[in-house]
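Accompanying notes for the structure given below.
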Amino acid sequence: MEKRRLECPALPAGWKKEEVIRKSGLSAGKSDVYYYSPNGKKFRSKPQLARYLGNSVDLNSFDFRTGKMMPSKLQKNKQRLRNDPLNQNKSKPDLNTTLPIRQTASIFKQPVTKITNHPSNKVKSDPQRVIEQPRQLFWEKRLEGLSASDVTEQVLKPMELPKGLQGVGPRNNEETLLAAIASALHTSSAPITGQLSAAVEKNPSVWLNTFQPLCKAFLVTDEDIRKQEDKVQNVRRRLEEALMADILARDSEASQNSDIYMDSRDD
DNA sequence: TTACTCGGCAG
DNA sequence: CTGCCGAGTAA
């Protein structure tokens, strides 16, 4: 049978949808739906698609079979705790480092009300390309309750921030401050300065610069940098020592084994 | 090996 | 019933 990969209107440009009819077996006549990303990767389920797209896209109302957004699909909130014992041994740790962004700016085309032109109406034409996604105020708050864990899923103690860093915004606390700064450092290559505007303390909702973390402006001195360099050097030295010790331990273990081997040959 | 299929289970 | 994904088979 001939296969057709069709451009999918609900998905960003380049995505294709394919429906394959089963032609034999008990399930003959049923069909399977697949999607292909612009780079050609095949997707055969909604969870798989969601995993790939990360937090950047809301698929709650996306109907995989038809390929359309179905706003009627109201789903109950599945609030799952990170350390749910039922989940603990099942799923691999989530390695997705995509940060949550405003979902109303989704790259998926949501149904919209069409506004036609009118003499008294000036309709803005769409810019060729949206350069920057709008950012939600205080979006870092959504990172609350997350924590790093090691390979055994043992939760790690959060790192300590230097004294003198002060958060801004509603209900600000150490946890959000740390998340905000860490996020800023890994999402932006621009310098992280904190909120430079003093007005932000009076009214954060108005004056917040969303490209800077939720903290007051801070200053990093040469002294700070030197201290940090010392720290890194120290840690590297300890790592080197540990690796050396490990190699030596393996060596002596290996020679012991060969001793045993020699003994048994003497028998 | 990868790609394509259908079975079969969970919800 | 449908959606998801394992795993067998084909290329």
Side-chain angles (χ1 to χ4, degrees), chain A residues 1-114 130 133-134 136 139-156 179 183 186-187:
Chain A
M1 177 182 250
E2 175 171 73
K3 289 181 185 171
R4 298 194 303 169
R5 288 188 190 178
L6 300 170
E7 195 72 30
C8 188
L11 267 47
W15 285 78
K16 301 283 199 321
K17 174 171 176 280
E18 180 189 35
E19 182 166 8
V20 178
I21 314 290
R22 297 192 176 190
K23 42 188 170 302
S24 66
L26 301 172
S27 50
K30 304 274 181 199
S31 70
D32 294 293
V33 174
Y34 305 113
Y35 290 86
Y36 295 85
S37 68
N39 53 51
K41 184 172 162 58
K42 183 177 186 175
F43 294 86
R44 47 190 212 135
S45 71
K46 196 164 150 175
Q48 189 189 3
L49 200 54
R51 249 175 278 137
Y52 180 80
L53 296 171
N55 298 329
S56 61
V57 175
D58 182 5
L59 291 180
N60 276 332
S61 64
F62 183 73
D63 183 60
F64 192 86
R65 181 156 282 278
T66 63
K68 293 178 164 74
M69 286 298 186
M70 319 218 40
S72 53
K73 291 222 163 191
L74 222 287
Q75 220 175 261
K76 66 175 177 213
N77 221 0
K78 268 206 163 185
Q79 183 78 5
R80 180 102 293 166
L81 283 165
R82 293 278 139 181
N83 287 326
D84 182 348
L86 294 175
N87 243 348
Q88 202 133 49
N89 295 323
K90 295 291 279 183
S91 59
K92 294 173 190 165
D94 181 11
L95 299 178
N96 186 359
T97 54
T98 314
L99 292 163
I101 65 164
R102 255 189 120 184
Q103 308 253 337
T104 47
S106 167
I107 54 177
F108 280 79
K109 294 169 189 156
Q110 305 276 10
V112 292
T113 310
K114 185 177 178 181
V130 179
Q133 299 263 350
Q136 188 173 35
W139 61 270
E140 291 97 331
K141 294 286 178 193
R142 263 190 272 173
L143 301 173
E144 280 177 11
L146 300 180
S147 53
S149 56
D150 65 18
V151 286
T152 67
E153 306 213 358
Q154 194 71 232
V155 173
L156 300 171
S183 302
H186 103 254
T187 51

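All chains are named by letter (A, B, ...) in the order of the sequence lines, taking the proteins before the strands, and each is independently numbered beginning at 1. Side chains included, hydrogens not; waters and symmetry mates left out as well; all remaining heavy atoms used.
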Atom pair CZ/NZ of Phe62(A) and Lys68(A) - distance to nearest 0.5 Å: 10.0 Å

dC4(C) P sits how many Å from Leu49(A) CG, rounded? 10 Å

Whole angstrom is fine here: how far is it from CD1 in Ile21(A) over to C1' in dT5(B)? 14 Å

Could you check how far CD of Glu19(A) sits from P of dT2(C), rounded to whole Å? 12 Å

Is Ser27(A) near enough to dG7(B) that one of its side-chain N or O atoms lies under 4.0 angstrom from OP1 or OP2? yes

Looking at dC4(B), dC5(C), dC4(C), which one has an atom nearest to any side-chain atom of Arg51(A)? dC5(C)

Pairwise 5' ranking along DNA chain C for Arg65(A) and Arg44(A), keeping only the more 5' one: Arg65(A)

From OH of Tyr34(A) across to P of dT2(B) the rounded distance in Å is 18 Å

Rounded to the nearest 0.5 Å, what separates atom NZ in Lys46(A) from atom CG in Leu53(A)? 11.5 Å

Taking 4.0 Å as the cut-off, does a side-chain nitrogen or oxygen of Lys30(A) come that near to OP1 or OP2 on dG3(C)? no

Checking all strands, does Phe43(A) fall into the base, sugar-phosphate, or nothing category for heavy-atom contacts under 4.0 angstrom? nothing

Without decimals, in angstroms, what is the distance between Lys42(A) NZ and dT2(B) C1'? 11 Å

For Lys46(A) and dA10(B), what is the distance between atoms NZ and C1' respectively, to the nearest whole Å? 17 Å

For Phe64(A), does its backbone N or O pair with a side-chain atom of Tyr35(A) as donor and acceptor, under 3.5 Å? yes

Check every atom of dT2(C), dT5(B), dC5(C) against the side chain of Ser45(A) and return the nucleotide holding the closest atom. dC5(C)

Spacing of Tyr35(A) atom OH relative to dG3(C) atom P, expressed in whole Å: 11 Å

What closest approach, in Å, do Arg65(A) and Val33(A) show between heavy atoms, and which atom pair accounts for it? O-CG2, 3.7 Å

Just checking, Lys42(A) and Tyr34(A): is the charged tip under 6.0 Å from the six-membered ring centre and within 45° of the axis? yes

Tell me whether the OP1 or OP2 atom of dT5(B) has a side-chain N or O from Ser24(A) closer than 4.0 Å. no

Nearest to the side chain of Leu26(A) - dC4(C), dC6(B), dG7(B)? dG7(B)

Grab the CG-P distance between Asp32(A) and dT2(C) for me, whole Å please. 12 Å

Could you check whether the side chain of Arg22(A) and the base of dG7(B) have a donor-acceptor pair of N or O atoms closer than 3.5 Å, going by distance alone? yes

